[in-house]
Structure formats: C-alpha cells, structure tokens
Trainee: 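My questions all concern the structure below.
The structure presented is a predicted model; accordingly, all values stated were derived computationally and were not measured. Each ligand, and each atom within it, is numbered from 1 in the order the structure gives.
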Amino acid sequence: MGEVKLYRAWRSPFSWRVEIALKLKGIEYEVIDVDLSNKSDELLMYNPVHKKIPVLVHNGKSVSESLVILEYIDETWKDNYPLLPSDPYDRAQARFWAKFIDDKVCTTVWGALMGQEDNKEKAQEEVHKVLKILENKVKAKDSIEGKKVGYLDIVGLIVGYWAPIMQEVLGKEVGLNRDTYPSIYSWTDGLVGLDYMKNILPKKDELVAAFRTHFASTK
Ligand SMILES: N[C@@H](CCC(=O)N[C@@H](CS)C(=O)NCC(=O)O)C(=O)O
C-alpha cells in the first residue's frame, strides 16, 4: 500500500471526493489540512501548477486534480472496490459526465453564487441550461438503491450535496432546488442515505458551520 497522504481542506467537495474513494477502498491515509489563505511550501511543491487542494501523495509522489486522483486511486488499488465501470464505453461515459459536472455545472453554479446581483437573471439562465441537461441524464440513470457507489456518484455529490449547502450559507438561491431538479436530488438522497455513506460523508450541519466560518473570515 505504501504511505498515502492527502493535502486537503476539510470543507472542500473536491477533497471529499478523494476521501470517499480512499475510505470505500479501505486505504489508510494521513490528512494534512492546508490553510488556503496561507499556502504551505509543501503544497506549492506538490502542486506547483494549480496550487490547489486536494493533492494525494503516494510514496512521495504527488497527484493533483480530484478527477485524476480518483482514477489514480482506482488503478492503483484496483482489486478493492472498483470505482470506474469495467466496460470501456461505460467508463468513457462516466468520464464525460464527470467532466461536464466540473467544467459546466460547477463553473456556472459557482459563477451564479459568487456573481453580482445585476447579472443574476443571466447567471440563473446559464445554471438552468446545464442543470436541465444533468437532470435528464440522471433521470435515465438507474436508482442508486442497493447498488455500489461509483466514480460518477462520488463526483456528482458536489451538485446535489455541496451546492445546496453553498446556497444556504451564502443566502443565495441560484435555481438549484428539489422541485425543478427532482432526479438530481433523489440521486443525491439515495447516495447520502446509504448506511456506509452515512459513515463516510461529513454531516450537512458541520459543513454549513465550516463554510460560514470560512466566508466570515474572507469578508
Ligand atoms: N479542479 C480542481 C479543483 C480544486 C479546487 O478548486 N480546490 C480549491 C478548494 S475547494 C482550492 O484549492 N482553492 C485554492 C485556490 O484557488 O487558491 C480539482 O478537481 O481538484
């Protein structure tokens, strides 16, 4: 197994992707909490390109970017709890939708959450456009119930679990709600409701508190 270290910020949905994967696979790891307002030399050495967390350091070698880290973990410990589908086409699809979530959904939702009031309508329109696409994709997906959590489920939690928390903390409704996107919410509920995921995922109220503290400190 070797030595596994995770440079993270506890509240970060990207860090949690990595932690969920490590925990599902039963890999022991050490966490190093990074102060993102005062990045350590170690973080800058391990991720000099993006200077972001999460960074996984395995036997002294670093891997950055959560989607890349997930694949690295899955390939390195391939016998415990496979995360990506075994079929190459299904794997390609999972990667496609993961990229869609990060490149399109996260950027538009984050843009709307952080954007100016005078641009609100346009930003919400953009959010709706991408969430509608994801909603239709998720509608066609089998229910998670009774199934194993996979790569795309882990990636998608940022939409159904973290983004509503951000709306609550920032007091800003950007159009992500249960009535408009029932499939995204029931996908998330299915994941969060699994007994083993309950033991892994951070509690919603603890995340709310952590984000409130974070945003209060950046004002
Ligand atoms: N695309 C990256 C995103 C990671 C990311 O945005 N990390 C944030 C914390 S949630 C970060 O390190 N921010 C520090 C900065 O931007 O300076 C991934 O998937 O790992």
Trainee: Who's closest to atom 17 (O) of ligand 1 heavy-atom-wise, of K52, K51, E65, K39?
Mentor: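 Minimum heavy-atom distance to atom 17 (O) of ligand 1 goes to K39.
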Trainee: Any atom of ligand 1 sitting under 4.0 Å from a heavy atom of P54?
Mentor: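 P54: in contact with ligand 1 (<4.0 Å).
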Trainee: When rounded to the nearest 0.5 angstrom, what distance separates CD in E173 from CG in L113?
Mentor: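 Between atom CD of E173 and atom CG of L113 there are 9.5 Å.
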Trainee: Any idea which protein heavy atom is nearest atom 4 (C) of ligand 1, and the distance to it?
Mentor: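 Looking at atom 4 (C) of ligand 1, the protein heavy atom closest to it is I53 O, 3.3 Å.
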Trainee: Mind checking the CZ-CG spacing from R91 to D74? Nearest 0.5 Å is all I need.
Mentor: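 Reported to 0.5 Å precision, the distance equals 9.0 Å.
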Trainee: Under 4.0 Å from any heavy atom of S12, which atoms of ligand 1 are there?
Mentor: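 The atoms of ligand 1 under 4.0 Å from a heavy atom of S12 are 10 (S).
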Trainee: Within this structure, what is the CD-CG distance for the pair E65 and N47, rounded to the nearest 0.5 Å?
Mentor: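 Atom-to-atom, E65:CD and N47:CG are 7.0 Å apart.
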Trainee: Looking only at protein heavy atoms, which one is nearest to atom 19 (O) of ligand 1, and how far off is it?
Mentor: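 Checked against all protein heavy atoms, atom 19 (O) of ligand 1 sits closest to S66 OG, 2.6 Å.
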Trainee: Hey, do the aromatic rings of W77 and H58 have their centres closer than 6.0 Å?
Mentor: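 So the answer is yes for these two rings.
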Trainee: Under 4.5 Å side-chain heavy-atom separation, chaining through any Ile, Leu, Val, Met, Phe, Trp or Tyr, what else clusters with Y46? Say none if it is isolated.
Mentor: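 Answer for Y46: Y7, I32, V34, L36, L43, M45, I53, V55, V57.
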